[in-house]
Chemist: 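This structure is in structure tokens; I'll ask about it shortly.
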Amino acid sequence: MKHPLLRMLALLLVGLPTWSLAQAPPTQPNRLELPLPAYASDVYVQTLAEDSSVVLLVNDEKSGAMHRQISFQKFDRKLKPVWSLPLEVAPEYEVVQLCTEGSMVYALFQSQYTPDHLWVASLDAHDGLLHSGAFETKISRTIYEAKALGGNLFVTTMVENHLTVMLLNLRAGTHQFLPAVYETLPTQFTFLADSVTKRAKFVMSQSNGQKTRLQVKQLAADGTLLKSEFVQAESERGLITAQISPGDSAANLLAGTYTLRDPRYSQGLFATDLSAGTTPTGSRKSLRFYDFMNLKHFFDFMQPARAARVRERGQRMKELDKQLRHHYNLLMHDLEPYQDGYVLVGEVYFPSSQSTSAFNNYYARSFSPYYANGYVPSYYPLNSSNNSSNSYLASQAIVCGFDRNGLLLWDNAFVLKDVRQTSLVETVRIRPLAGGNKFVMAYLKDEEVHYKIIDHSVASPNDLTVTLATSPNPESKEKPLDTNQEGLLPWYGSRFLAYGYQHVRVPHGQDRDVFFLNTIAFD
């Protein structure tokens with residue numbers, strides 16, 4: 001090859017990383033539009049794993065709040081309509097949350113005049129059967145989240161400055177506050193409704209003002225306490241928050257974040273196999289700690305020169321038998337089974353009082369508003385806005401692979417682009433790719449799906465995007481504008497479901513305002 005330009009081109013092609021040639025961008029085979037304006041409607045989205053369908057709870061207020069039309073609507077995996085059922089709801093009730101178990105979809109409503117009055121609509125999405133029931137709880141006020149297990153609803157709520165759980169027995173039409181979960185504030189709290197073991201698993205933080213530990217409680221579907229245990233470290237480390245593995249296996253993994261003295265900030269990750277037992281002093285035999293300095297990709301959100309300076313400073317302090325103190329907040333996702341272990345995702349965020357300039361300050365300190373009342377919820381209504389203010393700024397999402405005993409196998413990170421939210425809600429979603437060895441991490445912002453391919457610790461680009469399609473015709477000149485209340489849900493296979501309100505500009509035609517659903521397929 002004598003021509004210098006050809007030789008240079010060949011060298012450039014050889015040097016290209018394999019990911020640039022191997023992964024095709026996602027397709028958008030299906031789109032659904034409902035003629036609903038954002039100012040006069042609310043739409044709640046629930047995907048069903050059982051048959052890969054979608055159920056919407058649509059609150060249409062075109063005729064005014066006193067004459068609103070509420071309905072359940074089901075669509076198949078191609079977003080074709082299956083059925084629509086009207087739902088009669090008293091005007092005083094507003095939607096708090098949707099949740100699901102198998103083919104059942106539950107909509108929890110709360111009275112805006114008497115907050116201790118709740119109303120639940122139970123829908124069998126398989127055959128369209130609908131039931132409802134009212135509950136007068138007398139002392140319940142703020143509702144944080146609800147999850148279904150064994151046909152009952154476990155509802156986390158606040159009672160006399162304590163975080164507790166209310167069990168709604170939908171068959172009997174009764175309720176009870178569970179004495180097994182009654183935590184003094186402040187506390188951090190995670191909750192897993194394990195459909196495999198039919199257990200409600202709670203992980204709660206407890207502090208004596210200097211050091212924090214975790215308490216793990218497992219309850220039967222009827223609220224009976226089955227198991228309670230503490231998890232703590234013998235060193236100066238304190239355990240902040242954690243997620244517990246789903247399913248019934250020989251190992252029972254607990255993974256989360258730990259701190260050094262200051263309970264506001266995470267120093268790194270920890271993992272332990274709860275089935276491995278404890279030492280005579282009560283510490284876990286399998287407890288492992290992973291400082292952020294030891295993760296390969298944790299500082300990817302920084303400029304390379306700055307990340308290098310942080311690592312150099314950390315190494316100098318290590319040589320002096322000291323540790324560099326980190327000041328990060330992490331929102332932890334549920335543990336996901338992966339091969340012979342689990343994947344843990346955590347979103348690194350900075351509270352709004354720090355603003356953009358303070359975000360750039362590595363040592364900025366601030367309390368999250370949810371630390372003030374002691375609760376960091378993992379779920380909010382699906383139509384909550386992601387970009388209406390800068391209450392929280394997320395810098396990246398870390399993803400780590402653990403074996404069943406808590407050994408860290410690999411880590412990676414997805415750098416986020418100016419993601420601001422009004423509440424602590426999961427932004428990034430994850431789905432396995434065909435073959436099961438790789439993942440795709442994605443989030444929706446405005447009119448674009450941002451995504452990254454995760455192959456264990458292999459470096460890959462953070463800036464891959466695809467614009468939401470408004471027409472199946474690739475030559476269409478339509479343009480999506482003013483996308484709001486948008487979000488992305490994991491669906492089935494290697495697919496996500498994008499949703500939100502959108503103004504679509506149509507050249508030489510009538511513009512339209514719609515609520516949309518788009519299939520995002522990485523098949």
Side-chain angles (χ1 to χ4, degrees), residues 36 40-48 54-74 83-159 163-178 181 191 193 200 221-223 375 377 379-384 423:
L36 297 170
S41 67
D42 288 297
V43 181
Y44 295 78
V45 185
Q46 181 68 64
T47 58
L48 294 181
V54 182
V55 171
L56 304 182
L57 178 62
V58 179
N59 179 17
D60 188 351
E61 297 186 357
K62 290 191 182 73
S63 301
M66 298 300 294
H67 301 88
R68 61 183 178 177
Q69 297 178 351
I70 301 179
S71 62
F72 278 115
Q73 301 181 25
K74 182 178 180 179
W83 45 250
S84 178
L85 296 174
L87 184 63
E88 296 295 330
V89 184
E92 67 179 282
Y93 285 102
E94 295 182 340
V95 181
V96 176
Q97 186 182 330
L98 260 64
C99 60
T100 182
E101 182 184 25
S103 65
M104 297 299 298
V105 177
Y106 302 96
L108 176 62
F109 293 78
Q110 185 175 28
S111 171
Q112 56 184 320
Y113 306 124
T114 52
D116 60 334
H117 288 194
L118 305 177
W119 191 79
V120 179
S122 306
L123 169 72
D124 189 334
H126 178 71
D127 53 25
L129 293 178
L130 187 63
H131 301 279
S132 63
F135 299 85
E136 296 185 9
T137 64
K138 300 190 184 301
I139 58 175
S140 178
R141 292 294 184 268
T142 304
I143 300 296
Y144 293 109
E145 64 176 336
K147 295 185 180 181
L149 187 66
N152 297 328
L153 288 189
F154 286 78
V155 181
T156 53
T157 183
M158 189 84 68
V159 173
L163 189 66
T164 188
V165 175
M166 178 172 49
L167 179 68
L168 302 182
N169 187 320
L170 303 181
R171 295 184 184 90
T174 60
H175 75 277
Q176 61 174 315
F177 291 92
L178 302 181
V181 182
F191 168 29
D222 63 359
Y375 184 77
Y379 183 94
Y380 271 80
L382 294 178
N383 65 348
S384 59
S423 58

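Small disclaimer: the values here were computed from a predicted structure and weren't measured. Quick note: numbers below take in every heavy atom, side chains included, and nothing from hydrogens, waters or symmetry partners.
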Chemist: Where is the tightest heavy-atom contact between S122 and L170, given as atom of each residue plus distance?
Modeler: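 Shortest heavy-atom contact: OG-CD1, 3.7 Å.
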Chemist: As an exercise, state the distance from CZ of F135 to CH2 of W119, rounded to the nearest 0.5 Å.
Modeler: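 Here the rounded value is 11.0 Å.
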Chemist: My understanding is that only residues two or more places apart in sequence, or in another chain, count here; which of them pass side-chain contact (heavy atoms from CB on, under 4.5 Å) with S84?
Modeler: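 Counting only residues at least two positions away or on another chain, S84 forms a side-chain contact (heavy atoms from CB on, under 4.5 Å) with S71, Q73.
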Chemist: Determine whether V120 and F109 make a side-chain contact, defined as any pair of heavy atoms from C-beta on separated by less than 4.5 Å.
Modeler: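 No; the side chains remain at least 4.5 Å from each other.
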Chemist: Identify the heavy atoms of G128 and L85 that sit nearest to each other, and give their distance.
Modeler: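 Shortest heavy-atom contact: O-CD1, 3.0 Å.
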Chemist: What pair of heavy atoms forms the shortest contact from A172 to N169, and how long is it?
Modeler: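 Smallest interatomic distance, heavy atoms only, reads N-OD1, 3.0 Å.
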Chemist: To the nearest 0.5 Å, what is the distance between CE (M166) and CG (D116)?
Modeler: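 Rounded to the nearest 0.5 Å, the CE-CG separation comes out at 9.5 Å.
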Chemist: Just verifying a value: how many Å separate L167 CG and L149 CG, rounded to the nearest 0.5 Å?
Modeler: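 So the gap between those two atoms works out to 9.5 Å.
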Chemist: Do the side chains of Y144 and V155 get nearer than 4.5 Å, heavy atoms only?
Modeler: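 A side-chain contact under 4.5 Å is absent here.
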Chemist: Please give me the minimum heavy-atom distance between W83 and A125, naming the atom from each residue.
Modeler: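 The pair with the smallest heavy-atom distance is CZ2-O, 3.6 Å.
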Chemist: Would you list the pairs meeting side-chain hydrogen bond (donor to acceptor under 3.5 Å, both in side chains) in which at least one residue belongs to residues 125-139, sequence neighbours left out?
Modeler: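 Matches after skipping sequence neighbours: none remain.
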Chemist: What heavy-atom pair brings T142 and T157 nearest, and what distance separates the two atoms?
Modeler: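 The answer is O-OG1, 2.6 Å.
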Chemist: How many angstroms lie between CG in L163 and CZ in F191, if you round to the nearest 0.5 Å?
Modeler: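 Between L163 CG and F191 CZ, I get 11.0 Å after rounding to 0.5 Å.
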Chemist: Over all heavy atoms of both residues, which pair between A193 and A148 is shortest? Give the atoms and the distance, please.
Modeler: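 Result for this residue pair: CB-O, 3.8 Å.
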Chemist: With sequence neighbours excluded, tell me which residues meet side-chain contact (heavy atoms from CB on, under 4.5 Å) with T100.
Modeler: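 Result, side-chain contact (heavy atoms from CB on, under 4.5 Å) vs T100: Q46, L48, V105.
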Chemist: So Q110 and H117, do their side chains get closer than 4.5 Å, heavy atoms only?
Modeler: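 Side-chain contact under 4.5 Å: no.
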Chemist: Got F154 and T156 here, is their nearest side-chain heavy-atom distance under 4.5 Å?
Modeler: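 No. Closest side-chain heavy atoms not under 4.5 Å.
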Chemist: So which pairs with a foot in residues 92-104 pass salt bridge (charged side-chain N to carboxylate O under 4.0 Å, His left out), sequence neighbours left out?
Modeler: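 Listed by first then second residue: E101-K198.
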Chemist: Suppose we screen for side-chain contact (heavy atoms from CB on, under 4.5 Å). Which residues come up paired with N59, at least two apart in sequence or across chains?
Modeler: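 N59 satisfies side-chain contact (heavy atoms from CB on, under 4.5 Å) with D42, E61, R68, I70 only.
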Chemist: Of all residues at least two apart in sequence or in a different chain, which pass the side-chain contact (heavy atoms from CB on, under 4.5 Å) check with D222?
Modeler: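 For D222, the residues satisfying side-chain contact (heavy atoms from CB on, under 4.5 Å) (neighbours in sequence not counted) are A220, T224.
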Chemist: Is any side-chain heavy atom of L123 less than 4.5 Å from a side-chain heavy atom of Y106?
Modeler: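 Of all side-chain heavy-atom pairs linking Y106 with L123, none is under 4.5 Å.
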Chemist: Side chains of D124 and S103: do they bring a donor and an acceptor to under 3.5 Å?
Modeler: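 Yes, because at least one side-chain N or O of D124 sits under 3.5 Å from a partner of the opposite role on S103.
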Chemist: Could you tell me whether the side chain of K74 and the main chain of V54 form a donor-acceptor pair under 3.5 Å?
Modeler: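 Here the side-chain-to-backbone pair does not exist.
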Chemist: With rounding to the nearest 0.5 Å, note down the distance linking OH in Y44 to CG in L57.
Modeler: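 Taking OH in Y44 and CG in L57, the distance rounds to 7.5 Å.
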Chemist: Going through the checks in order, is the side chain to side chain contact (heavy atoms under 4.5 Å, CB included) test met by L56 and F72?
Modeler: CA-CA 6 Å; L56 304 182; F72 278 115; over 6 Å; no
Chemist: CG/L108 to CG/L153 distance, rounded to the nearest 0.5 angstrom?
Modeler: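 If I round to the nearest 0.5 Å, the distance is 6.5 Å.
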